[in-house]
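Have a look at the structure below before the remarks.
If you're wondering where the values come from, they're calculated on a predicted model, not measured in any experiment. Order of the sequence lines sets the chain letters (A, B, ...), proteins ahead of strands, with each chain counted from 1.
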Amino acid sequence: MILKSMIVPGLPQVLLSPEANPGYASLKAAYAKARAEIEEVNPDLILYYSTQWLSVLGYTFQADPKPEWTHVDHNFHYLGSMPYQFRCDSEFASSYAKEVKKLGYHTMLANYRGFPIDTGTIVAQKLLNPENKFLASMVSCNMYAEKAETISLGRAGLQALEASNKKAVVVLVSSLSSRFFIKEIDPKDDHISSAKDDEWNRKICELLGEGRLEDVSQVARDFGREANGDMGFKGMWWLNGICGETNNFQGNFLDYQAIYGTGATVITLTPKQKIVSKKPIEKKQNIVQSESAPEPVGAYPHARREGDFLFLSGVGPRAKGKKEIPGVNVQKDGSIIHDIPLQTRSVIENVKTILESSGSSLDHIVDIQVFLTDMKSQFSAFNKVYEEYFKDIQATRTTVEVGSLPTPIAVEFKVIAKIP
Amino acid sequence: MKGKIVAGVLAPHPPHLVYGENPPQNEPKSECGWENLRWAYERCRKNIKKLKPDVLLVHSPHWMTVVGHHVLGVEKFKGLSVDPIFPHLFRYAYDLTVDVNLSLKIAEEITKEGLLSKVMKNPDFRIDYGTIISLHLINPDWDIPIVSISSNNSPYYFSNEVGQEQMMKLGQATKRAIEASGKRAVLLASNSLSHRHFTWEADIPEDMSKEHIYNHGQYLWDMKMLDLMKAGKAKELLAVMPEFFDMALAEIKAGALTWMLSAMDVPDYPAIVHGYGSVIGTGNAVVEWNPEANQ
């Protein structure tokens with residue numbers, strides 16, 4: 001089970017030069033408070049996911065029971081060396097890898113002398129568990145993984161914890177915004193490098209402080225794009241997956257500061273009730289079922305990958321989990337008034353959701369077929385909204401009138417997109 | 001005497017090539033594998049050895065820095081390089097000598113170009129595996145001092161074009177430093193070409209029946225780039241490079257090839273393509289520019 005989770009920063013300034021800036025010292029103090037929270041719940045292990053440990057071949061798990069090295073950060077080597085000797089839970093590493101392998105992903109147990117543990121994990125471990133009081137476990141961040149896969153990796157972690165009957169604190173080591181200063185700065189003058197990033201960071205801190213992990217996971221993609229989130233902020237998907245995908249946490253906001261222009265926060269999340277695991281989604285190479293888009297109304301997927309292309313099933317304006325269809329206004333006499341702009345907008349947003357769940361985006365659409373139920377009355381309103389989204393994308397388009405569509409809707413898109 | 005660049009090599013760093021070769025420094029042992037590229041390197045090694053260089057300079061994407069371009073400022077490094085992605089293939093004991101004077105001169109020239117530089121002086125620093133692999137594949141005897149230059153993340157931070165412009169300046173700074181040093185230098189651009197990996201691996205990594213390029217689009221782009229190299233059209237190559245980065249997820253986005261071509265004043269003579277092959281889906285070529293052979 002999971003006793004507690006947290007997000008902490010992984011840049012070395014907090015560990016190696018806290019005196020250089022009051023913000024770094026403040027983060028170190030926040031780390032100490034997080035450490036006290038861990039000691040209070042007395043876990044069997046601390047499980048880390050660091051955005052600085054990248055893998056290509058599926059996922060790697062630290063399986064050396066006693067990794068030992070003197071590490072130097074490639075960027076901030078002038079801050080000093082980080083000697084470490086950790087105690088790791090090899091048994092749990094195997095259990096976690098087994099769960100992930102079941103999903104169809106490549107896994108690797110790293111039990112090699114001198115295997116390079118990343119700066120982020122070292123910083124977090126040295127500040128949260130400096131005396132190796134608790135066993136540690138570490139899983140890599142796959143550089144290609146998207147949302148569904150990363151959430152599944154998290155879910156598999158919870159299943160592995162349940163199967164091994166272990167109590168864990170889970171730690172996401174990640175910056176918020178990740179826009180570094182690219183010129184030498186005096187650490188005393190450190191601040192968030194962009195006002196926009198700062199605004200986004202504060203919003204994320206506010207949501208997490210309220211315990212709204214699921215909500216943060218939902219906006220992670222926007223955050224990643226708008227605020228240059230650390231590795232697209234994908235770590236938040238892992239944290240959400242392993243923590244049961246709810247907002248049911250007691251959040252404890254401990255700090256938010258800048259490190260070399262990036263956003264750094266320490267926030268702990270304590271579950272208000274026992275976290276219930278969800279079944280991880282097995283990897284099916286070609287089939288895409290988006291968790292955010294409305295469910296299909298038949299036995300077909302949202303999309304299918306073939307080579308570098310993504311073929312979407314017909315997409316209407318329905319909203320996920322709602323009975324009412326946006327832009328379909330049912331009158332008392334049973335007749336329907338179609339709000340074409342609203343339906344068109346809703347269709348495009350659904351297309352966007354499916355594409356993003358598949359690692360693509362609106363920008364990568366190459367061809368669209370549009371189905372309208374009444375060309376004469378609907379085309380102009382549809383076309384105006386279409387232009388808002390697609391003026392610069394310039395996908396090819398064919399628009400046809402059809403007698404009816406499967407649900408009482410007036411607009412449907414059939415889309416082909418590239419996968420970048 | 002004025003120093004000069006006696007050769008430049010596109011010297012990719014898949015750990016698989018060292019693994020396939022089974023040198024004594026590498027712990028994991030293989031049966032064989034990736035011969036087209038390994039033999040390409042063997043041919044290139046012979047050419048480089050004949051040139052009797054005083055120093056090998058490497059630019060590797062696996063020493064990535066955010067503030068400026070860093071150089072090694074410690075003379076001796078001895079350690080174990082373990083690839084974090086392929087630790088089962090590459091755990092290599094290295095022992096190397098840095099030409100610190102040339103490093104410092106390069107840092108000075110980088111600053112004169114208006115770029116930022118930093119000298120890495122921490123003796124505990126572990127040299128990145130890209131640098132180690134390219135150096136081994138060119139000079140497994142490790143009897144020539146080296147200079148290692150970090151990869152600034154400007155193409156990722158700004159744009160391909162901005163990154164490329166910076167690497168052109170870095171190349172010129174490197175050239176001036178070499179000339180001032182009076183040494184015969186070989187430049188190694190430690191990059192593959194197209195760089196989309198498979199996310200799975202064959203049960204036997206060296207099972208060559210499983211090895212192929214990730215997709216045909218990548219392959220076509222790689223061929224287009226190699227054709228330009230063979231035709232001596234480095235200027236045209238640089239012009240299409242930003243597009244290549246995006247179309248083939250090219251590793252040379254990090255700028256090593258641009259740096260090298262700039263330092264060699266954008267050669268207009270044909271390069272020697274020693275070989276091309278895929279490694280876990282990525283496209284790799286060993287390519288040599290040798291000004292003396294083309295005089």
Heavy-atom proximity to chain A below 4.5 Å, by part of B:Asp83:
backbone

When the 4.5 angstrom heavy-atom criterion is applied to A:Asp308 and chain B, the contacting part is side chain

Ranked by heavy-atom pairs below 4.5 Å to chain A, first place among B:Pro87, B:Gly79, B:Gly68, B:Gly217 goes to B:Pro87

Quick one: what part of B:Ile280 sits under 4.5 Å from any heavy atom of chain A, side chain, backbone, both or neither?
side chain

Structural part of A:Phe181 lying under 4.5 Å from a heavy atom of chain B
backbone

Given a strict heavy-atom distance threshold of 4.5 Å, which part of B:His216 is in contact with chain A: side chain, backbone, both, or neither?
neither

Does any donor atom in the side chain of B:Tyr19 or B:Glu206 lie under 3.5 Å from an acceptor atom in the other side chain?
yes

Which answer fits A:Tyr78, side chain, backbone, both or neither, if we ask what part of it has an atom under 4.5 Å from a heavy atom of chain B?
side chain

Side-chain donor-acceptor contacts of residues 116-125 of chain B below 3.5 Å, not counting sequence neighbours, with atom names and distances?
residue  : atom : partner  : partner atom : Å
B:Ser117 : OG   : B:Ala107 : O            : 3.1
B:Ser117 : OG   : B:Thr111 : OG1          : 3.2
B:Lys118 : NZ   : A:Glu184 : OE1          : 3.3
B:Lys118 : NZ   : A:Glu184 : OE2          : 3.4
B:Asn122 : OD1  : A:Ser81  : OG           : 3.3
B:Asn122 : OD1  : B:Asp124 : N            : 2.9
B:Asn122 : ND2  : A:His77  : O            : 3.2
B:Asn122 : ND2  : A:Ser81  : OG           : 3.3
B:Asp124 : OD2  : A:Ser81  : OG           : 2.6

Side-chain donor-acceptor pair present, B:Thr131, B:Trp63, cut-off under 3.5 Å
no

Need one label for A:Ser55: side chain, backbone, both or neither, based on atoms under 4.5 Å from any heavy atom in chain B.
backbone

Could you tell me which portion of B:Met247 (side chain, backbone, both or neither) has an atom closer than 4.5 angstrom to a non-hydrogen atom of chain A?
neither

Show your working on side-chain contact (heavy atoms from CB on, under 4.5 Å) between A:Gln13 and A:Asn21 and close with a plain yes or no.
CA-CA 9 Å; A:Gln13 283 79 353; A:Asn21 178 297; over 6 Å; no

Considering residues at least two apart in sequence or located in another chain, which fulfil the side-chain contact (heavy atoms from CB on, under 4.5 Å) criterion with A:Trp69?
A:Tyr84, B:Leu80, B:Arg126

Answer yes if the side chains of A:Asp190 and A:Tyr24 hold a donor-acceptor pair under 3.5 Å, and no otherwise.
yes

Mark yes or no for whether B:His59, through its side chain, and B:Ser150, through its backbone, hold a donor-acceptor pair below 3.5 Å.
yes

Below 4.5 Å from any heavy atom of chain A, which atoms of B:His70 appear? Answer side chain, backbone, both or neither.
side chain

Would you please name every residue forming a salt bridge (charged side-chain N to carboxylate O under 4.0 Å, His left out) with A:Asp367, sequence neighbours left out?
none

Spell out the residues in residues 108-120 of chain A that have some non-hydrogen atom less than 4.5 Å away from a non-hydrogen atom of chain B, in order of number; otherwise answer 'none'.
A:Met108, A:Tyr112, A:Arg113, A:Gly114, A:Phe115, A:Pro116

Any donor-acceptor N or O pair under 3.5 Å, side chains B:Thr282, B:His195
no

Can a donor-acceptor pair be found between the side chains of B:Ser194 and B:Asp222 at a distance below 3.5 Å?
yes

Treating B:Asp95 as the side-chain partner and B:Lys78 as the backbone partner, does any N or O pair qualify as donor plus acceptor under 3.5 Å?
no

